[in-house]
Amino acid sequence: MINLILFGPPGSGKGTQATNLVEKYNLLHISTGDLFRSEIGNKTPLGLEAKSYMDKGALVPDEVTIGMLKKKVQENPDVKGYIFDGFPRTIPQAEALDAMLMANSQEITSLVALDVDDEEIVKRLLNRAKTSGRSDDADESIIRNRLSVYKETTAIVAGHYEKKDKTHTVNGVGGIDEVFGRLAEVIDRSLVA
Ligand code: ADP
């Protein structure tokens with residue numbers, strides 16, 4: 001199996017690139033943000049709880065997030081692998097993911113991080129808000145909060161996989177195809193390693 005983590009700050013292009021990667025590597029794309037938004041759309045208790053955090057640009061508690069992620073993985077056992085997008089965002093989430101994969105004699109193949117500077121991110125998200133309808137994209141102070149959470153809590157997840165020599169960073173600024181080419185290159189290299 002190939003188990004990829006697509007990593008990087010909000011607005012770095014993970015969702016866009018995941019769509020292309022799914023086609024090339026035939027993997028199941030699991031985005032915790034999309035799962036939460038679907039729960040919110042269906043007005044489930046989980047969605048209502050998640051919304052209160054997402055609206056502030058804060059992280060949804062680990063217990064809730066990990067439970068939802070595990071359920072999605074368990075519902076889809078017959079796949080060639082997974083692309084995790086927006087997960088793990090904390091060390092406990094990374095540890096839970098490692099343990100879950102290990103229980104099936106699997107592991108993370110590679111974490112690929114998209115590197116994009118803050119000002120470019122703010123620009124992209126404010127622009128995305130015009131079409132996404134996402135209220136967490138429409139307000140600059142919420143975007144800045146998401147960026148601080150990323151730096152304070154999430155960025156160290158890359159270090160967790162770096163210790164296992166699994167972290168690769170690519171420049172996330174450029175055209176969609178250009179960035180995709182960079183990602184595919186490091187993923188292909190990590191697959192033969
Ligand atoms: P972005 O990467 O642009 O921030 P996402 O769709 O990945 O967009 O996430 C939107 C929001 O969903 C986050 O700000 C957070 O509130 C919540 N969320 C998504 N994934 C997680 C996670 N793994 N842990 C906790 N909260 C999460």
Side-chain angles (χ1 to χ4, degrees), residues 3-19 21-22 28-42 44-73 82-101 108 111-158 160-161 172-173 176 179 183:
N3 300 301
L4 301 177
I5 297 173
L6 196 50
F7 199 74
S12 55
K14 301 186 293 291
T16 307
Q17 295 298 340
T19 310
L21 292 169
V22 160
L28 178 71
H29 175 209
I30 301 184
S31 153
T32 41
D34 287 350
L35 291 175
F36 284 132
R37 281 184 289 276
S38 154
E39 296 282 341
I40 291 171
N42 292 325
T44 65
L46 193 153
L48 282 179
E49 183 180 359
K51 187 173 187 322
S52 62
Y53 296 95
M54 291 167 77
D55 283 349
K56 290 182 280 197
L59 293 183
V60 179
D62 282 338
E63 226 180 79
V64 178
T65 307
I66 291 166
M68 181 182 70
L69 185 281
K70 277 191 178 166
K71 184 165 164 271
K72 182 75 184 176
V73 170
Y82 303 94
I83 298 182
F84 298 104
D85 160 6
F87 185 94
R89 264 172 149 103
T90 65
I91 293 293
Q93 289 182 16
E95 288 170 347
L97 178 63
D98 292 345
M100 181 185 67
L101 292 174
I108 288 299
L111 176 152
V112 268
L114 291 166
D115 186 23
V116 179
D117 63 89
D118 287 7
E119 296 325 302
E120 169 75 14
I121 281 169
V122 173
K123 216 166 62 189
R124 285 186 187 182
L125 292 181
L126 288 173
N127 198 38
R128 181 169 81 179
K130 292 179 199 156
T131 52
S132 70
R134 281 179 56 173
S135 53
D136 60 342
D137 286 346
D139 180 323
E140 184 164 340
S141 68
I142 296 175
I143 295 174
R144 298 262 176 214
N145 194 34
R146 286 157 65 198
L147 282 171
S148 323
V149 170
Y150 177 77
K151 284 175 196 158
E152 284 159 23
T153 311
T154 302
I156 50 169
V157 170
H160 172 84
Y161 291 99
V173 181
I176 291 175
V179 175
L183 284 172

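All values below were derived from every heavy atom in this structure, side-chain atoms included, with hydrogens, water molecules and symmetry-related copies excluded. Order of listing sets the numbers, starting from 1, for every ligand and every atom in it.
The proximity of K56 to ligand 1, defined as any non-hydrogen pair under 4.0 Å, does not occur for either the backbone or the side chain. At a heavy-atom distance under 4.0 Å, atoms from both the backbone and the side chain of V60 approach ligand 1. Under 4.0 angstrom from ligand 1, there are no non-hydrogen atoms of R124.
Geometrically, ligand 1 and D136 share no nitrogen or oxygen pair separated by less than 3.5 Å.
Summary of contacts: the protein heavy atom closest to atom 10 (C) of ligand 1 is R134 NH2, 3.6 Å. Regarding atom 19 (C) of ligand 1, its nearest protein heavy-atom neighbour is R89 NH1, 3.4 Å.
For ligand 1, the atoms lying closer than 4.0 Å to a non-hydrogen atom of P10 are 1 (P), 2 (O), 3 (O), 4 (O). Each of the following atoms of ligand 1 lies closer than 4.0 Å to a heavy atom of A58: 15 (C), 16 (O). Ligand 1 places these atoms under 4.0 Å from at least one heavy atom of R37: 6 (O), 10 (C). Residue-ligand proximity, R146 to ligand 1, at heavy-atom distances under 4.0 Å covers atoms 1 (P), 3 (O), 4 (O).
When atom types are taken as modelled, the side chain of K14 and the backbone of G8 share a donor-acceptor pair closer than 3.5 angstrom.
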Contacts table for residues 149-157: side-chain donor-acceptor under 3.5 angstrom, sequence neighbours left out:
unit_1	atom_1	unit_2	atom_2	d
K151	NZ	D118	OD1	3.3
K151	NZ	D118	OD2	2.4
T154	OG1	R89	O	2.8

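Under the 6.0 Å distance and 45° angle rule, K56 counts as a cation-pi partner of Y53.
Between atom 17 (C) of ligand 1 and the options Q93, M54, M68, the minimum heavy-atom separation is to M54.
In this structure, K51 NZ and L46 CG are separated by 14.0 Å, a value rounded to the nearest 0.5 Å. Taken to the nearest 0.5 Å, the CZ atom of R146 stands 11.0 Å off from the CG atom of L59.
Partners of F84 by ring-ring contact (aromatic ring centres under 6.0 Å, His included), not counting sequence neighbours, listed by chain and number: Y82.
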Give the C-alpha distance, both sets of side-chain angles, the deciding distance and a yes or no for salt bridge (Lys or Arg N to Asp or Glu O under 4.0 Å) between E120 and R124.
CA-CA 6 Å; E120 169 75 14; R124 285 186 187 182; 2.9 Å; yes
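Residue G57 places no heavy atom under 4.0 Å from ligand 1.
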